[in-house]
2 protein chains.
Amino acid sequence: MNIGDVARRASLPAKTIRYYEDIGLVKPLRDTNGYRAFRDQDLHKLAFLSRARTLGFTIEDCRTLMALYADQERASADVKRIAEVHLTQIDDKIAQLEAMRDTLSELVRSCAGDHRPDCPILKDLAAGV
Amino acid sequence: MNIGDVARRASLPAKTIRYYEDIGLVKPLRDTNGYRAFRDQDLHKLAFLSRARTLGFTIEDCRTLMALYADQERASADVKRIAEVHLTQIDDKIAQLEAMRDTLSELVRSCAGDHRPDCPILKDLAAGV
DNA sequence: ATAAAGGTTCCGGCAGCAGGAAGGTCAAGC
DNA sequence: GCTTGACCTTCCTGCTGCCGGAACCTTTAT
C-alpha cells in the first residue's frame, strides 16, 4: 500500500503519517522507487493511533499504549493507569472551560450589544487593577 | 515600576510581559539603565490582558478588545460579537472533551486493571481496521 | 508526448509562551 | 571598597502536533 491508501483507510492525512514515521511510531518499508510500502501491520498501527488520538491521548501516551498492546505479558493495570490519568486531565480541562463559559455567558447575557459604547464585558475585563 | 512589580500586580510572569511587549500589546518606556519603566496605564493594560487570557480569549482577540476598550465611539455589539464567537468555540471544545470523557470513562470502568493482559481499552483502540 | 495524480524531501510556521545562557545593574551589609 | 544576591537585559531554543508549500521524481492514462 502507498501512503494515500493507508491515509484513506486509517482516516489520517498523509502528512500526519509521514510525521508519525519521522518520530518512529510506524516503520513502513520502502519500494525501489523510494515510495513508502505499508504492510497490514502498519495500517493496523495507524488505525490504532488514529483512534487513540481521537480519544485525546498524547503522542507519548500512544507510544506507550502501542508498546503495551504489543506486549503479551502486559498488565491491564498499566493501561488503565494511563487512561485514568488522561481522564483526570480531561476532567480538569472541562472544568476550566466550564468556568470560562459560565463567566462569559453571563457577561454576554448582560451586554446590550447595540450601537452604544457602554459594555459590561469590557467593564469586567478592565475591573482588575 | 519595573517588570517584577507589574508582574506581581498583574499576576503575569515577567516572560509573558516581555512577550507582550514584543508583539506590541504594551509599550513601556525605558529607564536610562535600559530597564522597562511601566506606567499605571501599562499596568492597567496588562491586568486587562491577564483577565482576558483567563477567559480564554486569543491574543488577537485581546488586541481587538483592547482597541475597542480604548475607543470611546465603540459599539457594544462589536464586543459582544467577539465574546459570542469565543463562547461558541468554548462550547464546541467542551462537547468534544465530553465525548472523549464519556468513551474513556466507560473503557476505564470496564477494565479490570489487574495483572492480567486482557484489556478492553486496548481492544477498543485496536478495533479499527 | 504530455498531463494529471500520485509520491519524495526539506523548510518554515502556527500559539503562547518557558527555560536557560551570558551578561549588566542596584541596594545592602561587611 | 567589595561582595553578595536579587534584579534586570537580550538572544536562542524548544514545546505539541502537525499543516502548507516549494521543488522535484514516478506512475498511469490518454
Side-chain angles (χ1 to χ4, degrees), chain A residues 1-38 42-43 45-46 48-66 85-86 89-90 92-93 96-97 100, chain B residues 1-38 42-43 45-46 48-66 85-86 89-90 92-93 96-97 100:
Chain A
M1 283 175 286
N2 282 347
I3 199 167
D5 305 323
V6 285
R8 274 181 293 275
R9 296 209 215 174
S11 349
L12 284 174
K15 280 273 189 189
T16 300
I17 297 175
R18 289 196 192 96
Y19 172 67
Y20 288 170
E21 184 190 11
D22 254 25
I23 62 173
L25 283 180
V26 68
K27 303 184 201 305
L29 305 177
R30 293 288 178 147
D31 278 344
T32 49
N33 57 13
Y35 286 18
R36 290 169 181 81
F38 295 85
D42 299 316
L43 173 57
K45 279 190 180 185
L46 288 170
F48 186 105
L49 283 165
S50 180
R51 175 81 177 134
R53 292 288 300 135
T54 298
L55 290 180
F57 286 104
T58 66
I59 294 286
E60 283 318 299
D61 278 348
C62 290
R63 207 186 286 278
T64 310
L65 289 170
M66 286 179 61
V85 169
H86 179 42
Q89 287 167 351
I90 289 180
D92 291 353
K93 191 76 190 168
Q96 191 190 335
L97 287 171
M100 288 181 188
Chain B
M1 283 174 287
N2 282 347
I3 199 167
D5 303 325
V6 285
R8 272 180 294 276
R9 296 210 216 173
S11 348
L12 283 174
K15 281 273 189 189
T16 300
I17 297 174
R18 289 196 193 97
Y19 173 67
Y20 288 169
E21 185 190 12
D22 252 26
I23 62 174
L25 283 180
V26 70
K27 303 185 200 306
L29 305 176
R30 293 287 179 149
D31 278 344
T32 49
N33 57 14
Y35 286 19
R36 290 168 182 82
F38 294 85
D42 299 317
L43 173 56
K45 279 191 182 185
L46 288 169
F48 186 105
L49 284 166
S50 179
R51 175 82 177 134
R53 293 287 300 134
T54 298
L55 290 181
F57 286 105
T58 65
I59 295 284
E60 282 319 298
D61 279 347
C62 291
R63 208 186 286 277
T64 309
L65 289 170
M66 286 178 62
V85 168
H86 179 42
Q89 287 168 351
I90 289 179
D92 291 352
K93 190 77 191 170
Q96 191 190 334
L97 287 171
M100 287 180 189

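Here is the naming used below: chain letters follow the sequence lines, and residue numbers restart at 1 for every chain.
C:dA27 atom P lies 13 Å from atom CG of B:Asp5, rounded to whole Å. Rounded to whole angstrom, the span from the CG atom of A:Leu29 across to the P atom of C:dG7 amounts to 16 Å. In this entry the distance linking CZ of B:Phe38 with P of D:dC8 reads 9 Å, nearest Å. At whole-Å resolution of the value, CD in B:Glu21 and C1' in D:dT9 are 11 Å apart. As rounded to whole Å, 12 Å separates atom P of C:dA18 from atom CD1 of B:Ile23. Distance CG (B:Asp31) to C1' (C:dT25): 11 Å, rounded to an integer number of Å. The separation between B:Arg30 atom CZ and C:dG24 atom C1' is 14 Å, rounded to whole Å. Here D:dT26 presents its P atom at 14 Å from CG of A:Asn2, a figure rounded to the nearest Å.
The phosphate of D:dG17 has neither OP1 nor OP2 within less than 4.0 Å of any side-chain N or O from A:Arg18. In terms of phosphate contacts, B:Tyr20 brings a side-chain nitrogen or oxygen within less than 4.0 Å of OP1 or OP2 of C:dC17. Considering only side-chain N and O atoms, A:Arg36 lies under 4.0 angstrom from the phosphate OP1 or OP2 of C:dT9. For the pair B:Asn33 and C:dC26, the criterion of a side-chain N or O lying under 4.0 Å from OP1 or OP2 is met. The phosphate of D:dC19 has OP1 or OP2 within less than 4.0 Å of a side-chain N or O from A:Thr16.
Among the heavy atoms of the strands lying under 4.0 Å from B:Ile3 are primed sugar atoms or P, OP1, OP2 only; no base atom is included.
When atom types are taken as modelled, the side chain of A:His86 and the backbone of A:Leu55 share a donor-acceptor pair closer than 3.5 angstrom. B:Asn2 contributes no side-chain N or O that, together with a main-chain N or O of B:Gly4, makes up a donor-acceptor pair within less than 3.5 Å. Side-chain atoms of B:Ser50 never come within 3.5 Å of backbone atoms of B:Leu12 as a donor-acceptor pair (strictly under, hydrogens ignored).
Comparing B:Arg53 and B:Lys15 along DNA chain C, the residue whose closest nucleotide (by nearest heavy atom) sits nearer the 5' end is B:Arg53.
With hydrogens and angles ignored, a donor-acceptor pair under 3.5 angstrom links the side chain of B:Tyr35 to the base of C:dG24.
No option in A:Leu46, A:Asp22, A:Asp42 other than A:Leu46 meets the side chain to side chain contact (heavy atoms under 4.5 Å, CB included) test with A:Ile17.
A salt bridge is defined here as a Lys NZ or Arg NE, NH1 or NH2 lying under 4.0 Å from an Asp or Glu carboxylate O, and B:Glu21 with B:Arg18 fails to meet this definition.
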